Amino acid sequence: MNFAADIEGIFTKEEIESFLKDEQQFYIEYAEENWLDRYFKIKAMSQRTHVPSITSVISDTPGGSNLNHSKTEQFALKSIQASEWLDTLFYAVESLTPAEQKLIELKYMKKRNDGSRYCDEVIYPQLFIGKTRYYELKKEALEMLGRNLYGMFSEKGCS
């Protein structure tokens with residue numbers, strides 16, 4: 001409790017609220033921009049079964065260790081990395097509450113027949129909540145998802 005009193009002595013209430021709001025916004029943007037906006041592209045990469053051409057190239061120039069990967073190997077590695085990325089995202093989504101999970105799935109992981117995402121006005125009735133509660137829940141879900149994903153990657157040393 002002394003910590004809270006010390007912090008309030010150093011910063012004003014408005015400054016503390018601003019810091020917390022900035023932190024919350026960081027995690028929301030992290031979840032949306034680095035994960036959810038890339039979901040469909042990464043999902044498609046993980047499911048591709050197309051095999052690139054296997055044309056050999058003969059060269060008298062020695063290649064470095066990174067150049068020894070064939071096109072097939074590079075393709076397979078990208079597919080595996082995409083699958084691991086999806087596993088990480090799904091694990092983070094599963095750590096949310098059931099209501100938050102459903103919201104994230106409906107808003108960010110499903111598309112309409114025309115390929116666009118569902119709008120908020122279509123989603124909140126499906127969750128049986130009002131508009132105000134929907135936007136509160138959406139903010140909470142995105143913040144938690146961002147915190148979980150950021151924590152997972154900072155522990156692994158990735159960013």
Side-chain angles (χ1 to χ4, degrees), residues 1-52 69 73-159:
M1 281 204 252
N2 290 339
F3 178 73
D6 291 343
I7 292 296
E8 288 178 0
I10 298 171
F11 299 105
T12 66
K13 183 178 179 182
E14 291 79 21
E15 288 173 325
I16 294 170
E17 288 173 359
S18 174
F19 295 145
L20 294 175
K21 188 173 184 174
D22 290 346
E23 180 183 17
Q24 180 187 42
Q25 191 60 36
F26 168 80
Y27 288 116
I28 289 170
E29 289 174 5
Y30 180 78
E32 285 184 313
E33 294 171 9
N34 295 313
W35 292 88
L36 298 171
D37 289 347
R38 299 170 58 197
Y39 171 72
F40 289 105
K41 181 180 177 183
I42 301 289
K43 184 178 176 184
M45 285 176 59
S46 74
Q47 296 174 341
R48 281 195 190 128
T49 56
H50 167 73
V51 178
H69 293 295
E73 282 179 305
Q74 291 173 354
F75 183 81
L77 286 172
K78 284 183 181 180
S79 180
I80 290 168
Q81 289 170 337
S83 294
E84 289 174 349
W85 186 94
L86 287 172
D87 289 344
T88 302
L89 177 61
F90 293 147
Y91 181 78
V93 170
E94 287 174 4
S95 70
L96 301 174
T97 67
E100 292 170 338
Q101 286 178 30
K102 186 75 172 167
L103 186 149
I104 295 295
E105 289 167 8
L106 290 171
K107 178 66 182 171
Y108 297 98
M109 301 173 125
K110 293 195 187 286
K111 285 188 176 181
R112 298 177 351 173
N113 292 337
D114 65 1
S116 63
R117 287 187 179 156
Y118 288 99
C119 63
D120 295 326
E121 288 74 20
V122 172
I123 298 172
Y124 67 79
Q126 293 181 45
L127 298 173
F128 303 106
I129 57 177
K131 187 176 185 177
T132 303
R133 178 61 188 133
Y134 169 79
Y135 286 108
E136 291 170 354
L137 184 64
K138 181 178 171 184
K139 187 186 284 189
E140 293 166 9
L142 288 171
E143 180 185 2
M144 264 331 285
L145 183 62
R147 286 181 183 278
N148 292 343
L149 290 166
Y150 191 83
M152 291 169 146
F153 266 71
S154 63
E155 288 172 9
K156 290 181 184 179
C158 303
S159 54

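The first residue of the sequence shown is numbered 1, and numbering continues consecutively from there. The structure displayed is predicted, hence computed values, not measured ones.
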ring-ring contact (aromatic ring centres under 6.0 Å, His included) partners of F26, counting only residues at least two apart: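 For F26, the residues satisfying ring-ring contact (aromatic ring centres under 6.0 Å, His included) (neighbours in sequence not counted) are Y150.
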
For Y108, ring-ring contact (aromatic ring centres under 6.0 Å, His included) partners two or more places apart: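 For Y108, no residue satisfies ring-ring contact (aromatic ring centres under 6.0 Å, His included) once neighbours in sequence are set aside.
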
Does a side-chain heavy-atom distance below 4.5 Å link [X] with [Y]?
X: R147; Y: E23; answer: yes
X: L106; Y: L127; answer: yes
X: K107; Y: L36; answer: no
X: L89; Y: Y39; answer: yes
X: F90; Y: M109; answer: yes

Using the side chain to side chain contact (heavy atoms under 4.5 Å, CB included) criterion, which residues pair with [X]? Sequence neighbours excluded.
X: K139; result: Q24, I28
X: D114; result: R112, S116
X: R38; result: I42, W85

How long is the span from the CD1 atom in I123 to the CD atom in E105, to the nearest 0.5 Å?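 So the CD1 of I123 and the CD of E105 are separated by 11.5 Å.
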
Results of salt bridge (Lys or Arg N to Asp or Glu O under 4.0 Å) for D87 - residues two or more places apart only: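 Result, salt bridge (Lys or Arg N to Asp or Glu O under 4.0 Å) vs D87: none returned.
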
For E84, which residues count as a salt bridge (Lys or Arg N to Asp or Glu O under 4.0 Å) partner, sequence neighbours excluded?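 Scan of E84 (salt bridge (Lys or Arg N to Asp or Glu O under 4.0 Å), adjacent residues dropped) gives none.
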
Give me the atom names and distance for the closest heavy-atom approach of S79 to S46.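 What the structure gives for the nearest pair is OG-O, 3.5 Å.
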
Listed by chain and number, what are the side chain to side chain donor-acceptor pair (under 3.5 Å) partners of Q126, not counting sequence neighbours?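 Applying side chain to side chain donor-acceptor pair (under 3.5 Å) to Q126 gives none.
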
If you look only at distance, which donor and acceptor atoms sit under 3.5 Å apart when one is on a side chain in residues 91-100 and the other is two or more places apart or in another chain?
residue : atom : partner : partner atom : Å
S95     : OG   : A92     : O            : 2.5
S95     : OG   : N148    : ND2          : 2.7
T97     : OG1  : E100    : N            : 3.2
T97     : OG1  : E100    : OE1          : 3.3
E100    : OE1  : T97     : N            : 3.1

For E32 and Y27, run side-chain contact (heavy atoms from CB on, under 4.5 Å): C-alpha distance rounded to whole Å, both residues' side-chain angles, the deciding distance at 0.1 Å, then the answer. CA-CA 9 Å; E32 285 184 313; Y27 288 116; over 6 Å; no

For residues 122-136, pull every pair meeting salt bridge (Lys or Arg N to Asp or Glu O under 4.0 Å), keeping only residues two or more places apart or in separate chains.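 For residues 122-136, and leaving out neighbouring residues, the salt bridge (Lys or Arg N to Asp or Glu O under 4.0 Å) pairs sorted by first residue read R133-E136, R133-E140.
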
Given the rule in the side-chain contact (heavy atoms from CB on, under 4.5 Å) test, do L142 and I104 qualify, once you have shown the distances and angles that lead to the verdict? CA-CA 8 Å; L142 288 171; I104 295 295; 3.8 Å; yes

Any ring-ring contact (aromatic ring centres under 6.0 Å, His included) pairs touching residues 118-146, not counting sequence neighbours?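 Only Y124-Y134 qualify under ring-ring contact (aromatic ring centres under 6.0 Å, His included).
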
With a 4.0 Å cut-off, would you call E143 and K138 a salt bridge?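 Salt bridge between E143 and K138, a charged N being under 4.0 Å from a carboxylate O: no.
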
